[in-house]
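Treat the numbers as computed from the prediction; the structure is a model and nothing was measured. Per chain, numbering begins at 1; letters A, B, ... match sequence-line order. Just so it is clear, the values below take in all heavy atoms, side chains as well, and ignore hydrogens, waters and symmetry mates.
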Number of protein chains: 4
Amino acid sequence: MIVITSNKAPEEQIQEIVRVIEKEGLQAHVSRGTDRTVIGLIGKAEPKLAEHLRQMKGVENVVKITKSYKLASRDFHPENTVININGVSIGGDELVVMGGPCAVESASQIDEIAALVKAAGGQVLRGGAFKPRTGPYSFQGIGVEGLIMMAEAGKKHGLLTITEVMTPEYVDICAEYADILQVGTRNMQNFDLLRKLGTCGKPVLLKRGFSATYDEFLNAAEYILAGGNPNVMLCERGIRTFETYTRNTLDLAAIPVLQELSHLPVISDPSHGTGRRELVEPMAKASVAAGASGLIIEMHTDPDNSMTGDGVQSLFPDQFAHLLKDLEKLAPIVGKRFDTAKAPAESFPH
Amino acid sequence: MIVITSNKAPEEQIQEIVRVIEKEGLQAHVSRGTDRTVIGLIGKAEPKLAEHLRQMKGVENVVKITKSYKLASRDFHPENTVININGVSIGGDELVVMGGPCAVESASQIDEIAALVKAAGGQVLRGGAFKPRTGPYSFQGIGVEGLIMMAEAGKKHGLLTITEVMTPEYVDICAEYADILQVGTRNMQNFDLLRKLGTCGKPVLLKRGFSATYDEFLNAAEYILAGGNPNVMLCERGIRTFETYTRNTLDLAAIPVLQELSHLPVISDPSHGTGRRELVEPMAKASVAAGASGLIIEMHTDPDNSMTGDGVQSLFPDQFAHLLKDLEKLAPIVGKRFDTAKAPAESFPH
Amino acid sequence: MIVITSNKAPEEQIQEIVRVIEKEGLQAHVSRGTDRTVIGLIGKAEPKLAEHLRQMKGVENVVKITKSYKLASRDFHPENTVININGVSIGGDELVVMGGPCAVESASQIDEIAALVKAAGGQVLRGGAFKPRTGPYSFQGIGVEGLIMMAEAGKKHGLLTITEVMTPEYVDICAEYADILQVGTRNMQNFDLLRKLGTCGKPVLLKRGFSATYDEFLNAAEYILAGGNPNVMLCERGIRTFETYTRNTLDLAAIPVLQELSHLPVISDPSHGTGRRELVEPMAKASVAAGASGLIIEMHTDPDNSMTGDGVQSLFPDQFAHLLKDLEKLAPIVGKRFDTAKAPAESFPH
Amino acid sequence: MIVITSNKAPEEQIQEIVRVIEKEGLQAHVSRGTDRTVIGLIGKAEPKLAEHLRQMKGVENVVKITKSYKLASRDFHPENTVININGVSIGGDELVVMGGPCAVESASQIDEIAALVKAAGGQVLRGGAFKPRTGPYSFQGIGVEGLIMMAEAGKKHGLLTITEVMTPEYVDICAEYADILQVGTRNMQNFDLLRKLGTCGKPVLLKRGFSATYDEFLNAAEYILAGGNPNVMLCERGIRTFETYTRNTLDLAAIPVLQELSHLPVISDPSHGTGRRELVEPMAKASVAAGASGLIIEMHTDPDNSMTGDGVQSLFPDQFAHLLKDLEKLAPIVGKRFDTAKAPAESFPH
């Protein structure tokens, strides 16, 4: 159930509504828009409460929400969520590009790539220290050491960092070193991990399960939000279909659909979404045209020798730079801004 | 097997190569590029023929093609196929927009919509006279009468026309009235229909079967090409996946993939690809950003009362016009041109 | 809408109900059960007609049918459809096995295989004279000649015959030579073909489209039934999923689901459903355990050299015979009978 | 790489082979068959090691394994794995039926259902204490209390128990109270959980991810096996496809496929595999006919009021008992035994 206040309802009316809700043992989730405020109720409300609220001062309407997710829903939170991290804002009119290797391999590798991401105009450095692998005998990432190397490279080159966390016990250390924590596609319904991320204090990029519906995806986000962490980004990274020429089928309709159902920023991953280097550029552009708030793209200086074997979907540095130049022209057409010529930051505090 | 000639091989060398091929009982399919000519062999070649050809004058290389389709393959025909119809060129640098209702309902309806398509800057009028329907009791289209109404509307407003043909016996009459014949998704592997279209003398827009792989799609095109009709457009219109929020999952990676594998123009259908009006605009833009040569879009003046019940995916005329204005800005970013302000043609001969 | 008569309603009451329905310009479809008769109305009924019928003598209930298919629905026709062809009954308690090669290759091949099918206890000889092929350069079947060879082999060995028909223009000649006409998976929504089969006078085995929902499948059957042909069998032959180890995913739940929704016999095709010889036997047994009325199985005397390349899914003759022995034991467990030791018929008239 | 010994190679030869392998820093995994022994090498072997092994006494052949999983592969372990737990053997010729509610709701509920499972002839009691739920506001199970209730009911009625474990930190307590630990479909690639189960000392039933390929499924099993736990059962529980009439598409071909690729017992779950009560019986029979070693089936005394809302797929007790009677007749047809009339054990030690 949500309460929609009347236009410019005064603060004391809003507070009184909240008091009434909380007296019933429910939580009130307040979302302030420019004109109206939306107050969401979490918990099981008695029917007569709706009646009571409807008659209060400052209430324009009381609406029952039938979706299973609440906090993730645009009904609950009509305005876009914009996540600000050290001057980079995700979910607003800035286009955000996250680039980097599949896995952190060495300090020099991640430093070199960070410099290239920064020079090309990217804002976030990606890189895996812990790698989820189909089989137990594959390279599983270099671990905490990799986290530290990436944090240093990010700091040196003035980039935010994002890395995947695979298990609740590593959330704290990942949160210590990275600016954004990523949940991989296989872990989208690892509910304990999601709950732990609800209290980690860092923004989370949640990748869509490779066979998850939009509804399941938003319910997974709800686990993190319900834990108290409002800074969740949704990432479309391709779904599993009958077509095997591409590694996955990048479902770009997910971008406007998720933006309609939810207020959370939507990021696209054309690297995993296609699994083929030559498709990354057209699908990156298509993602931005479809309204994505950002992109996460694999780039490697020596993709043929990458330690994960995912090099086949990594761009070469010059392809990455060239793509970002094109995005700079494309972004304004769809109401975004992206500037590849920003003076490189020296470094910024983490 | 294909023969690649040396740079600027003289015509008599090319003719001699063709003669040798034909003497073996094979067909030679000649595709002239700016520098080199590619001669494709159709039929089963003896291994020693490859040896013989390789030693001929003017031959740079002889390559075995392992794909099951030949004429549709970019190996066989390295340059883009550009289809010119009455001054509209499809597959080159012009962006082509086809718009109109799901079904032709009356002369006044199609005339009114044609005027709107033209005014918005579209080049082709779409409309169904014969409708494929899941069940036998649904509206099946108004038939030949509809063809005539649409042809008149197209002529009057200076638009090309495209309509679906469902069965071999209607190919001739559809080819008489329409400029482009469309094969629907359910008929992508109706091989008799494809064979008949190979000799119909009109360009064909072939829609991808809703569960067809790229390979099957190109093999279906091959049936038309093998019949002697080189003017085939490939249309991505969404595939069937586990996600049911959208009617289909529009597979935009199909656009660059098909352009890599084939030389045929690729068109996108964001209306059937999403089945939801509000998704047509972002997915139309994404299609163009991904490199599509054109779009086919449903537009209706009264979608809620459309005879097919497909109104839910039709744009209103003002949305259509607004989208085309946006495409005008987007097209140049990806190397295409699209001009909504072209002086409306009076009418042109069909 | 359907009218359900009261227990043992006399014939004149039934006739009067039919008269009232037809006076409204609707068709009445009468389905007599042991106790009650169900009269289905086809066409758009006025609401007051339901009221009127409900008050007539002999009417127990009037029910609105919301499914898009009517004649195929079990609501319309509560008793199982049993199709009798020359002493073989399909859809009752007899288990029917159809066996034979993917394609008829020669008179001696089909004669030899027919003898083996008969000896093993099969009742129907399968074989393709017209083959639907993904690409235009593959072997397309030997055509009418093949039809004749198969008809002769069937007659000689006392087997019914089934063959695929791909296009409306070949329906008549296929109906002349074969006992059952098969619609292939790619043609499930070839509506013109379905309409033509509605008047062909021979039973039809309709294969499920490889990505067709149950609803679409039953609507396709409805096209044939609506044309006047009540003898339709539904064949589950595997659907396309993300799993590629098997050629298709045989959806055995389709068997009880279709039996619940419809009265038509359900046949299973474990050969195409798996695409691997070693899986045919367990999936044939599973099909029977799930309640299938019959099986259609590929068997070949020299699968490695079959002309279609589908040999990899064909059983060897001894495997086929062995499987039928096992089915003989399994059938009674699920209320079916199957007898491999029936005295081979000399021949029977077609 | 695997080493296959010659027929009846003496023990000292086998030991010598193992010594050579271990000297290279590799693990040797010995699997003894009736005639031959297969020794699997885990780790990266130098090519010259293969050469050396091939020339040793007692070695018949050295074969390179190209599959990414080793211990789960039938190449490595040619004989079926049979898991014996308190007199119940899984993976041999005994058919094992696991029955019970979706969730443990109370001591009396699980006691009542346990009595019914036992009386019907089932060997294992299933019930969830921790429930994975799509959204955070759904009932999540009653936790450890439920584990204890189920353990008591199992002991009292002489049934083994199986319960789902969702996170590494609960593995130990689940292993304390339950006989078999279950990994749910959403956790199939929760690699930390799999690793922890590798050392838990109890047999594990691993459910296939709802969009996992056979290869990914076996690799997930490999994680558990590689941790030192050889007692893994594979459970087919339906995959996600385009068909939504059933909750999932039960892929019964998985049963013979997994038995061919692996030596691990394969269990079928027709409850989640269909999501509809009326389909459980035919699909349970089909599973046994396809060769399943066991079934896991939901049964509830009051399914309409089950706490998870999954009652729609639960059998009523009489349906469960009736199904097991039918399985008793079916099992011998496919070489299994199942006896519903075994004298109910008083209780047995856990």
Completion exercise
Bottom line for D:A212: the part with an atom under 4.5 Å from chain A's heavy atoms is backbone
Fill in the blank from the handout: Tightest non-hydrogen contact, residues A:L264 and A:A72, listed as CD1-CB, 4.4 Å
Put together the list of donor-acceptor pairs under 3.5 Å connecting chain D with chain A, please.
residue	atom	partner	partner atom	Å
D:R133	O	A:Y223	OH	2.6
D:G135	O	A:Y223	OH	3.2
D:Y137	OH	A:E222	OE2	2.5
D:Q140	OE1	A:R195	NH2	2.8
D:Q140	NE2	A:Y223	OH	3.4
D:T167	OG1	A:D192	OD2	3.0
D:R186	NE	A:Q189	OE1	3.0
D:Q189	OE1	A:R186	NE	3.0
D:D192	OD2	A:T167	OG1	3.0
D:R195	NH2	A:Q140	OE1	2.8
D:S211	O	A:R240	NH1	2.6
D:S211	OG	A:S211	OG	2.5
D:E216	OE1	A:R240	NH1	2.7
D:E216	OE2	A:R240	NH1	3.4
D:E216	OE2	A:R240	NH2	2.6
D:E222	OE2	A:Y137	OH	2.4
D:Y223	OH	A:R133	O	2.6
D:Y223	OH	A:G135	O	3.2
D:Y223	OH	A:Q140	NE2	3.4
D:R240	NH1	A:S211	O	2.6
D:R240	NH1	A:E216	OE1	2.7
D:R240	NH1	A:E216	OE2	3.4
D:R240	NH2	A:E216	OE2	2.6

Practice task
Walk me through it: do D:L206 and D:L197 pass the test side-chain contact (heavy atoms from CB on, under 4.5 Å)?
Solution key: CA-CA 10 Å; D:L206 177 66; D:L197 289 166; over 6 Å; no
Practice task
Name the region of A:I42, side chain, backbone, both or neither, that has any atom closer than 4.5 Å to a heavy atom of chain D.
Solution key: side chain
Exercise for the section: Taking the side chain as every heavy atom from C-beta outward, state whether A:L218 and A:L234 have any atom pair closer than 4.5 Å. Expected result: yes
Handout entry: Which atoms of A:F210 approach chain D - backbone, side chain, both or neither, heavy atom under 4.5 Å
Key = side chain
Handout entry: Point-to-point distance, once rounded to the nearest 0.5 Å, from CG of A:L26 to CG of A:L49
Key = 6.5 Å
Exercise for the section: Quick one: list whatever passes side chain to side chain contact (heavy atoms under 4.5 Å, CB included) with D:V312, sequence neighbours left out. Expected result: none
Completion exercise
Output for pair (A:L205 CG, A:I162 CD1), nearest 0.5 Å, gives 4.5 Å
Exercise for the section: Could you pull out the closest heavy-atom pair between A:A28 and A:I21, with the gap in Å? Expected result: CB-CG2, 3.9 Å
